[in-house]
Amino acid sequence: MVKELKIPYGRQNVTEEDIRSVERVLRSDFLTQGPEVPNFESNFSNYVGSKYSVAVNSATSALHLACLALDLKKGEKLWTSAVTFVASANCALYCGAQVDLIDIDKSTSNLSIEALEKKLIQAKKNDSLPKIIIPVHLSGLSCDMKKIKKLSKQYGFKIIEDASHASGGIYDDSKIGSCRYSDLSVFSFHPVKNFTSGEGGMVSTNSEDIYRKIKLLREHGINKESEKMIFEPDGPWYYEQIYLGYNYRMTDISAALGNSQLKRLDLIAKKRNEIAEFYNYQFKDSPLDLPYQDTKNISGRHLYVIRLKNKDIQRSHKEVFYFLREKGIGVNLHYIPIYRHPFYEKFNFDKNMYPNSESYYNSAISIPMYPELTENELSYVVKSVKEAIA
Ligand SMILES: *Cc1c(COP(=O)(O)O)cnc(C)c1O
């Protein structure tokens, strides 16, 4: 019986209370541009400890607006981690800017501070320093933000945290998203992430200027506040467009789901960390490298990524994948290094510059991680992984 289990690597959790919250909005006057979005924004700010938050329809939109708010322009440079979802890099190209990639750290799989520092020294010599760096908190584990902040002062770049995996995580006694060491943080509420609004994203920041600009850009660059008009209003209908913005709004339907789920986020993070503890214990003697752990850096645990010690395992990485999929376990690989995508070929990245990203790509496997995993399912996953690498 157990053999027929289909266990994905991640999945959403929707309660009756969530459904009632969404239903309430569906029966109300506003499906969008109502009270639920500002509510979600202020609840989110309270949760992460930032001054401001702006809800949008995805983290991809949030990254685009974050770059625009920092005035990223044609010819300027943005750097991010080589191992991330493509959206962390694409946002630079939306603005006509150039992307460069930083190799990851062997133990945390986040961008390597050592590689970053080397690259900055070189870029300073060539007068090609980046305007923005996007540290990605892979799997939910924060990057070393204190060091990145220090480097940002030295080299004069801005910081956007891609915290799409990291809702509920804690870094240096602050919730990820507090922006203590960054200009902005970006979150995703896609159903596979730590909590969901269907589709959705959020930007948090402590800067009033950035906050205002992102709010305007989210809605076509249109300002409706009379005290901030540039031209003299010529009637009660008057509003003005002051930037080239977009429609990146979140609906009130989505915000209702997000708001309802946000109440459980601490519980969700706790549950995810308990599952990680279980895996850590079960795999402690296996030929695997397990996720980096640090008491000052508590992962939001979007993913649990095992790394195969390939030379100690008979099956190849690919064979272990097939084996586990065959067992009904929806293992996955997060992520294919950016420079390996056909679209990025034209930028001529040199694979040899990314030895740790390459070795990650040849050994990483995301195994199931979501709060509703039962004890039976967890034991089945552990047993199957052990069989696969025996
Ligand atoms: C999911 C994800 C995104 C994009 O999120 P969407 O809300 O789906 O647009 C961006 N960056 C990272 C690291 C992600 O995992």
Side-chain angles (χ1 to χ4, degrees), residues 8-12 37 40 44 53-68 78-95 99 101-102 104 108-111 132-143 145 159-169 176-177 182 184-204 214 217-218 246-251 254-255 257-258 261-262 272 291 299-305 332-339 341 343-344 357 360-361 364 366 369-370:
Y9 80 85
R11 62 164 300 160
Q12 74 270 20
V37 168
F40 187 29
F44 194 82
S53 292
V54 185
V56 289
N57 57 7
S58 72
T60 304
S61 309
L63 285 162
H64 185 192
L65 296 187
C67 289
L68 290 172
L78 179 150
W79 294 2
T80 190
S81 175
V83 175
T84 181
F85 183 57
V86 290
S88 322
N90 289 345
C91 55
L93 305 177
Y94 298 157
C95 302
V99 188
L101 302 170
I102 308 157
I104 60 170
T108 65
S109 306
N110 281 327
L111 65 79
I132 298 174
I133 290 184
I134 303 188
V136 182
H137 305 323
L138 197 72
S139 303
L141 180 82
S142 177
C143 295
M145 293 310 299
I159 304 170
I160 301 169
E161 295 176 65
D162 186 341
S164 295
H165 296 183
S167 319
I176 294 178
S182 66
L184 314 100
S185 300
V186 163
F187 294 85
S188 172
F189 309 134
H190 181 279
V192 87
K193 305 290 162 76
N194 296 4
F195 81 100
T196 190
S197 63
E199 292 273 7
M202 190 76 81
V203 177
S204 65
I214 287 187
L217 289 168
R218 174 183 68 178
Y246 300 83
N247 178 357
Y248 282 170
R249 281 189 301 262
M250 177 181 275
T251 68
S254 283
L257 180 56
Q261 297 228 330
L262 178 59
R272 285 173 176 274
S299 174
R301 295 279 187 202
H302 166 48
L303 302 170
Y304 190 92
V305 178
N332 223 317
L333 206 168
H334 301 92
Y335 292 93
I336 302 165
I338 300 276
Y339 53 79
H341 288 283
F343 176 79
Y344 276 87
S357 303
Y360 179 92
Y361 187 53
S366 304
M369 168 55 82
Y370 52 93

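Ligands are counted one by one from 1 in listed order, and the atoms in each one are counted from 1 as well.
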In sequence, state the C-alpha distance, the side-chain angles, and the governing distance for Ser197 and Gln261, and then conclude on side chain to side chain contact (heavy atoms under 4.5 Å, CB included).
CA-CA 8 Å; Ser197 63; Gln261 297 228 330; over 6 Å; no
In terms of the angle between their ring planes, are Phe187 and Phe189 parallel, tilted or perpendicular, with boundaries placed at 30° and 60°?
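The rings of Phe187 and Phe189 lie parallel, inter-plane angle below 30°.
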Parallel under 30°, tilted from 30 to 60°, perpendicular over 60°: which one fits the rings of Tyr9 and His302?
perpendicular
Could you tell me which atoms of ligand 1, counted from 1 in the order shown, lie closer than 4.0 angstrom to a heavy atom of [X]?
X: Thr84; value: 13 (C)
X: His165; value: 13 (C), 14 (C), 15 (O)
X: Ala87; value: 10 (C)

Taking both backbone and side-chain atoms of His190, is any N or O found less than 3.5 Å from an N or O belonging to ligand 1?
no
Is there a polar contact, in the sense of an N or O pair closer than 3.5 Å, between Val136 and ligand 1?
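So ligand 1 has no N or O lying under 3.5 Å from an N or O of Val136.
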Return the closest protein heavy atom for atom 10 (C) of ligand 1 as residue, atom name and distance.
Ser164 OG, 3.4 Å
Give me the residue, atom name and distance of the protein heavy atom closest to atom 11 (N) of ligand 1.
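For atom 11 (N) of ligand 1, the nearest protein heavy atom comes out as Asp162 OD2, 2.8 Å.
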Counting C-beta onward and ignoring hydrogens, is there a side-chain heavy-atom pair between [X] and [Y] closer than 4.5 Å?
X: Val56; Y: Arg249; answer: no
X: Val54; Y: Arg218; answer: yes
X: Leu63; Y: Tyr94; answer: no

The test is ring-ring contact (aromatic ring centres under 6.0 Å, His included); show your working for His334 and Phe85 and say whether it passes.
CA-CA 8 Å; His334 301 92; Phe85 183 57; 9.2 Å; no
How does [X] reach ligand 1, by side chain, by backbone, by both or by neither, if only non-hydrogen atoms under 4.0 Å count?
X: Thr60; result: both
X: Tyr335; result: side chain
X: Ala59; result: both

Within the structure, is a non-hydrogen atom of [X] found at a distance of less than 4.0 Å from ligand 1?
X: Gly201; value: no
X: Gly200; value: yes
X: Lys193; value: yes

Between Ser366 and Asn332, do the side chains contain a donor N or O and an acceptor N or O under 3.5 Å apart?
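Absent: no donor and acceptor within the cut-off.
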Please report the interatomic distance NZ(Lys193) to OG(Ser164), rounded to the nearest 0.5 Å.
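Lys193 NZ to Ser164 OG: 5.0 Å, rounded to 0.5 Å.
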Candidate with minimal heavy-atom separation from atom 7 (O) of ligand 1, of Ser81, Cys91, Ser188
Ser188
